Each structure stands twice: as C-alpha cells, then as structure tokens.
A.B. asks: 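Below are the structure tokens for one structure; questions will follow.
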Amino acid sequence: DKGGYKHFMAKEIAEQPGVINTVLQNYLSDTGEITLPGDGIDFSDVDRITMVACGTAYLACFTAKYWFEQIARLPVEVDVASEFRYREPPIPAKTLAVFVSQSGETADTLAALRYCDGKADMIASVVNVPESSIARESDLALSIHAGVEVGVASTKAFTCQLTVLFLLVLKAARDRGKLTDADLEKHIADLRTLPGIINTALAQSGKMQATAQKLSHASDVLFLGRGQMYPLAHEGALKLKEISYIHAEAYASGELKHGPIALVDESVPVIVMAPRDALFDKTVSNMQEVMARKGKVILISDAQGIAEASDGVWSSIEMPSVAEALTPILYALPAQLLAYHTAVAKGTDVDQPRNLAKSVTVE
Ligand code: M6R
C-alpha cells in the first residue's frame, strides 16, 4: 500500500521522521540512557572496529567511521563485503566486527560475517529484519525499526541505520571516557530534535523538484563533499544513478584537483553538499574552482552557507540548521529527494529500477 503516494520510495522518504523517532524510543530511556538489547557492548574492551556492508549500507558504515573516530576516538576500518570476504584480512585482538544490512540476507555481507566468526571478539549487526540470517548469526543484532522497505532504492533504512550507529558511537564514547555528561546530554537533546528538523527538510521537496527538472537533462553529474559529507556525496551519486540512470560520481572535495576537475565543463552539474561547518570554507573554494570552469553548481547548505556562498551557483537548496554531528542524517534527505524527482522527471521506474533487485542474495 503506497498510502496515497505515487511511489513506495516517496512514502518511505516521508516516513523518516516517524521511524527515526521509533529508533530513539527503542534505544533511549526516559532519562537519556542508551539501552542496547541483551548484554549490549562494552566498548572499554574494544580497540578497533571493522565495519562491512554493501551499497547504501556500506555508506552508512563509512559515515559512522567519521563519528567513531571523532567522537569515540576509536579506529574504524570500513570495507565492501565482496572485497573483504576474499581478501581475508587479519583480524587483530579486541576487534568488534559490525555488519550492516537492511535485508539481513545479502550474500557477500553474510559471507564476510562468517569469515569473522571465531576471529573477531564480537560480531554485531545492524539490521531491519530481526529474523534474518545476518541477525541470527550475530552475537548482538541491533534492529533499525524502519518497517518494511519496498523501494529498491534504500531511503528510510539508511537514516535509521545512521541513527542506530550514532547511538552506538555515543555508547562507545561513554564507555571509553571520551564524552562528558554534559556533552552526552547535548547529543541526545540534538537527536530528539532530528525528526522535527527532517520534517522541515521534507517541506523543501517542491523546490528540489524544480532543481531535479534541470538535472534530468544531464548525462553526467558530480557530487562533492568533505569530512562527514564525503560519504553522503557517495550516497547522493548512488541514489541518482540507481533510479534516474544518470551517470553520477562522488569525490572528496579535496580530490577535485587530482583528476576529476578535468571532467568539468558547462554540461556537468556539480552537486556540492556543504553545511556551514568547520570545513565549509575549504569546500567553497573547491566549488569556486568548478564555477571558474563553467560547471553548474547546485549548492546544498543551510541558510548561513547559502547567504555566504551562493553567488554564481546554478541552483541552491536550503536545509534547516542541525547540530554538526547530525548533518549526515539530515543531508540524506536532499540526496534522496533530488534522485527521486529526477527519476520522476525522466519517467523511469522509481520503485523497480532496471537490472536491480531489492535483496542481493547471490553473488
Ligand atoms: O539489504 P542490504 O542492506 O544488505 O543491501 C545492500 C545493498 O544491496 C543496498 O543498500 C543497495 O545498494 C540499495 N539498492 C541502495 O539504494
């Protein structure tokens, strides 16, 4: 049932404030304690984390790497499951292995989990289907409570994965003595405002539709991001190519000069994901290099960022302000909505894109 929406993907995008709220209800007590199921995880025994997944779930891991390293000061390696499983990497002592999968049945992710069995100190999974193989074969399965996701393009599962992973990062930071009571309370208060802020972002959907109309004529699109926005740039590019069939690539903003800028001319839209954070000025200078080569910049930022840097851009998309640590969750929305409206403008099959399956259970 599409609940009155034209596509499951539109319905699932709109459900995000509600399902993120459900995650918070399931993992936070009234007094703001982070509650994990079973015996939970004691991060004071963990020296490093290996995170493995495919596709969008991999990009949730890649985002979480930034959080674990910055907030909990824990080193994290991330890998796509199809590479990890055959590379057979050594797993040092005190490694926590984390597998993220919406379906819990992705063949490569399951094989990677089985490789870690008996090698990692603990195997945790972040899944949407609690009865799935990946959940059953983990020491601890963390449910993302997203509800059934029908659209092949993953949307609400991604933001719920990120929310669960962010809570795990806070738990890790606490266990390792890296977060004061006051900082923890602040992060939790920020998280509780997130569903409302996402609702405000959803209200920008109409404006994104206008930008997507222009984007639908492009044959190549670049996404740029720096820091926490780098994984999101990848998610934007993946969503766009998946459902609109437009060739899209993501680069770290700082890599532009090392090759990709050669692609830029007046036919190439460049989507810059840049909230007004500590790295904003650096990203803006990369964006200006793009404009100097006549690239058509679409700037996604907050009111302050747009006021400071939107001179000469092709289009800008304004996001509400949010706590800096939570920008990856919020900026998933414009990544999803731009792809969605572009696909609708092109008339592609949004919920069942060609050649793709919802769950990749064979290699
Ligand atoms: O069920 P999983 O989370 O393990 O699936 C992983 C990928 O196949 C999945 O995220 C895929 O990349 C999506 N179609 C992306 O929108």
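Computed from a prediction, not measured in an experiment: that's the story for all the values here. Each ligand, and each atom within it, is numbered from 1 in the order the structure gives.
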A.B. asks: Output yes when the distance from some N or O of ligand 1 to some N or O of Gln161 is under 3.5 Å, and no in every other case.
C.D. replies: no

A.B. asks: Determine whether any heavy atom of Thr109 lies closer than 4.0 Å to an atom of ligand 1.
C.D. replies: no

A.B. asks: Of the side chain and backbone of Lys239, name the one, both, or neither that has a heavy atom under 4.0 Å from an atom of ligand 1.
C.D. replies: side chain

A.B. asks: Show which atoms of ligand 1 fall inside a sub-4.0 Å distance from at least one heavy-atom site of Ala57.
C.D. replies: 3 (O), 10 (O)

A.B. asks: Within the 4.0 Å heavy-atom shell around Ala153, which atoms of ligand 1 are there?
C.D. replies: 16 (O)

A.B. asks: Identify, by atom number and element, the atoms of ligand 1 in contact range of Ser154, meaning under 4.0 Å from any of its heavy atoms.
C.D. replies: 15 (C), 16 (O)

A.B. asks: For a quick check under 3.5 Å, do Thr56 and Lys239 share a side-chain donor-acceptor pair by atom type?
C.D. replies: yes

A.B. asks: Run the numbers for me: atoms of ligand 1, each under 4.0 Å from some heavy atom of Glu242, listed by number.
C.D. replies: 13 (C), 14 (N), 15 (C), 16 (O)

A.B. asks: Please list all pairs meeting ring-ring contact (aromatic ring centres under 6.0 Å, His included) that have one or both residues in residues 66-89, counting only residues at least two apart or in different chains.
C.D. replies: Phe62-Tyr66, Trp67-Phe166, Phe84-Tyr115

A.B. asks: How far is atom 10 (O) of ligand 1 from the closest protein heavy atom, and which atom is that?
C.D. replies: Thr56 N, 3.1 Å

A.B. asks: Could a heavy atom of Ser359 be found less than 4.0 Å from some atom of ligand 1?
C.D. replies: no

A.B. asks: Using a 4.0 Å cutoff against the non-hydrogen atoms of Ser103, which atoms of ligand 1 qualify?
C.D. replies: 1 (O), 2 (P), 4 (O)

A.B. asks: If I compare all heavy atoms of Lys241 with all of Ala248, which pair ends up nearest, and what's the gap?
C.D. replies: NZ-O, 3.0 Å

A.B. asks: Out of Val127, Thr106, Ile134, whose heavy atom is nearest to atom 2 (P) of ligand 1?
C.D. replies: Thr106

A.B. asks: A quick test of your reading: do over 12 heavy atoms of other residues, nucleotides or ligands sit less than 6.0 Å from NZ of Lys346?
C.D. replies: yes

A.B. asks: In sequence, state the C-alpha distance, the side-chain angles, and the governing distance for Ser29 and Thr31, and then conclude on side chain to side chain donor-acceptor pair (under 3.5 Å).
C.D. replies: CA-CA 5 Å; Ser29 71; Thr31 53; 3.0 Å; yes

A.B. asks: Starting from atom 3 (O) of ligand 1, locate the nearest protein heavy atom and write down its residue, its atom name and how far away it is, to 0.1 Å.
C.D. replies: Gln102 N, 2.6 Å

A.B. asks: For atom CZ of Arg192, is the number of surrounding heavy atoms from other residues, nucleotides or ligands below 6.0 Å larger than 12?
C.D. replies: yes

A.B. asks: So, taking the atom named CG in Asn199 and the one named CD1 in Ile197, what distance separates them when rounded to the nearest 0.5 Å?
C.D. replies: 10.5 Å

A.B. asks: Side chain, backbone, both or neither: which part of Lys358 comes within less than 4.0 Å of ligand 1 when only heavy atoms are counted?
C.D. replies: neither

A.B. asks: Do me a favour and list the nearest non-hydrogen protein atom to atom 8 (O) of ligand 1 with residue, atom name and distance?
C.D. replies: Val360 CG2, 4.2 Å

A.B. asks: Taking atom types as modelled, find out whether Ser315 and Thr211 have a side-chain donor-acceptor pair closer than 3.5 angstrom.
C.D. replies: yes

A.B. asks: Classify the side-chain pair Glu185/His187 by whether it contains a donor and acceptor separated by less than 3.5 Å.
C.D. replies: no

A.B. asks: Tracing side-chain links under 4.5 Å among I, L, V, M, F, W and Y, which residues wind up in one group with Phe280?
C.D. replies: Val284

A.B. asks: Around atom 6 (C) of ligand 1, find the nearest protein heavy atom and jot down its residue, atom name and distance.
C.D. replies: Cys54 O, 3.3 Å

